[in-house]
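Just so we're on the same page: letters track the sequence lines, and every chain starts at 1. All values below were derived from every heavy atom in this structure, side-chain atoms included, with hydrogens, water molecules and symmetry-related copies excluded.
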Protein chains: 2
Amino acid sequence: MPRSATRRTEGADIDPRDTDLEGFVGYNLKRAYMIVQADFRATLGEGGLSPRVFSALSVCVSHPHITQSELARLIGIERSGLVAIVDELEEKRFLRRVPVPNDRRVQALVPTDAGRAAHGEAVAAIRAHEDRLFADMTGEEKQTLLILLRKIRAREASR
Amino acid sequence: MPRSATRRTEGADIDPRDTDLEGFVGYNLKRAYMIVQADFRATLGEGGLSPRVFSALSVCVSHPHITQSELARLIGIERSGLVAIVDELEEKRFLRRVPVPNDRRVQALVPTDAGRAAHGEAVAAIRAHEDRLFADMTGEEKQTLLILLRKIRAREASR
DNA sequence: TATTGTTATACTCTATAACTATA
DNA sequence: TATAGTTATAGAGTATAACAATA
């Protein structure tokens, strides 16, 4: 059956592959990202950490006493956008803003015990979520994907 | 110089690789996506098509007389969200909402000559943008990336 | 009853600009 | 003059729920 016969208002047999859209990395990147972040949120649940809040907590755990400006740069957002994130983490008692003696402008971010525990649990949940979501990919494929995504990210460093 | 000596409020020598964050596909996906979509917008400029508007136009050009519901499903957004997109494309005279004889509920989307022309120009600009952005990747790497991203997208079909 | 297009609404994420207090 | 944190604000993008018209 020629496609032209069923093209109008039919749609059921439309092959998404024949749009030039499907050939673009950007489009596929967005669709994949939407799926992963939706599943991330579903995994961590209603009161759970959002992707960006988890990212911030994760860096604070790895780099205690990091400043907000450094953290913002590291996770790729503006300083102003970080305020609400740190507010949320501080309200949850997952970290504290600690004054720094030598420079009274900055406030170092220090994870609490509860923060480290919550981080550990989140990491476990997210590992399970990614294992589930990428179950049809081999370990090598996942590694290749990481390498290629980091290659795109490397473009950002030069800005 | 051991890292512990420079850990506090220094930050200049923090290696982003040593956060567990960097090991997650989701995080790398997001960072890469942010870079690509920002460059997309910069490429198409102020009055230019946004990613989602381009996507909609692209599918309309490939599948003239597609309905809004079909289009929404194809590009992975809600019907309600498509209204503003189609409004914008119709205001720009890039497509028209055309009544369908057999079913007066639906309105088929038909690209205009101007719409097809604008689409062609956008495709050329986006190809150049991706060629530039992924200049350090081989053709094979780009192909691999597309395949892996589509593998993630395949998860969505089962919902 | 179900579907199409639509509106109203809210939420998340991000960015810009301007402020303050420090340096 | 410059920087850290902050506030105010606006703009994308998305989703949910409800509605009228039509099937």
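Note: B/His129 and B/Phe40 have perpendicular aromatic rings, judged against thresholds of 30 and 60 degrees for the angle between ring planes. Ring geometry for B/Phe24 against A/Phe54 counts as perpendicular: the plane angle is over 60°, on a 0 to 90° scale with 30° as the lower cut.
A/Arg52 comes within contact range of at least one nucleobase, with a heavy-atom separation under 4.0 Å. Residue B/Glu78 is classed as a base contact, given a heavy-atom separation below 4.0 Å to a base. Note on A/Arg104: only backbone sugar-phosphate atoms sit closer than 4.0 angstrom, heavy atoms only; bases stay farther off.
Between A/Lys142 and A/Glu130, none of the side-chain N atoms (NZ, or NE/NH1/NH2) sits under 4.0 Å from a carboxylate O, so this pair counts as no salt bridge.
One atom, CE of A/Met34, and another, C1' of C/dC11, lie 13 Å apart when rounded to the nearest Å. Straight-line distance from the CD1 atom of A/Ile77 to the C1' atom of C/dT16: 15 Å, rounded to whole Å. Nucleotide C/dG5 holds its P atom 15 Å from the CG atom of B/Leu89, rounded to whole Å. Following rounding to the nearest Å, B/Asp103 (CG) and C/dT4 (P) show an atom-to-atom distance of 8 Å. Rounding to whole angstrom units, CZ of residue B/Arg31 and C1' of C/dC13 are separated by 14 Å. When rounded to the nearest whole Å, the span between CZ of A/Arg79 and C1' of C/dT16 equals 11 Å. In this structure, CG of B/Asp87 is placed 13 Å from P of C/dG5, rounded to the nearest angstrom. Remark: P of C/dT12 and CD of A/Gln37 are 12 Å apart, rounded to the nearest angstrom.
With a 4.5 Å cut-off on side-chain heavy atoms, A/Met34 and A/Gln37 count as touching. Residues A/Asp103 and A/Thr67 form no side-chain contact, since every pair of their non-hydrogen atoms from C-beta on lies 4.5 Å or further apart. Two residues are said to be in side-chain contact when any heavy atoms from C-beta on lie closer than 4.5 Å; B/Ile75 and B/Leu82 meet this criterion. Within the 4.5 Å cutoff, the side chain of A/Leu89 has heavy atoms near those of the A/Leu49 side chain.
Between B/Gln107 and A/Pro101, the residue whose closest nucleotide on DNA chain C is further toward the 5' end is B/Gln107. For A/Asn102 and A/Arg41, each mapped to the nucleotide of DNA chain C holding its nearest heavy atom, the one lying further toward the 5' end belongs to A/Arg41. Each of A/Arg97 and B/Tyr33 was assigned the nucleotide of DNA chain D with the nearest heavy atom; the assignment lying further toward the 5' end belongs to A/Arg97.
Taking 4.0 angstrom as the limit, A/Ser50 places a side-chain polar atom (N or O) nearer than this to OP1 or OP2 of C/dC13. Contact annotation: B/Ser80 side-chain N/O to C/dA8 OP1/OP2 distance is not under 4.0 Å. For B/Lys30, no side-chain nitrogen or oxygen approaches OP1 or OP2 of C/dT12 to under 4.0 Å.
In summary, contact between chain B and DNA chain D, defined as any nucleotide atom under 4.0 Å from a heavy atom of the protein, begins and ends at D/dA12 to D/dA23 in the 5' to 3' direction.
With hydrogens and angles disregarded, a donor-acceptor distance shorter than 3.5 Å links the side chain of A/Arg150 to the backbone of B/Glu22.
One can find a donor-acceptor pair under 3.5 Å joining the base of C/dT3 and the side-chain atoms of B/Arg105.
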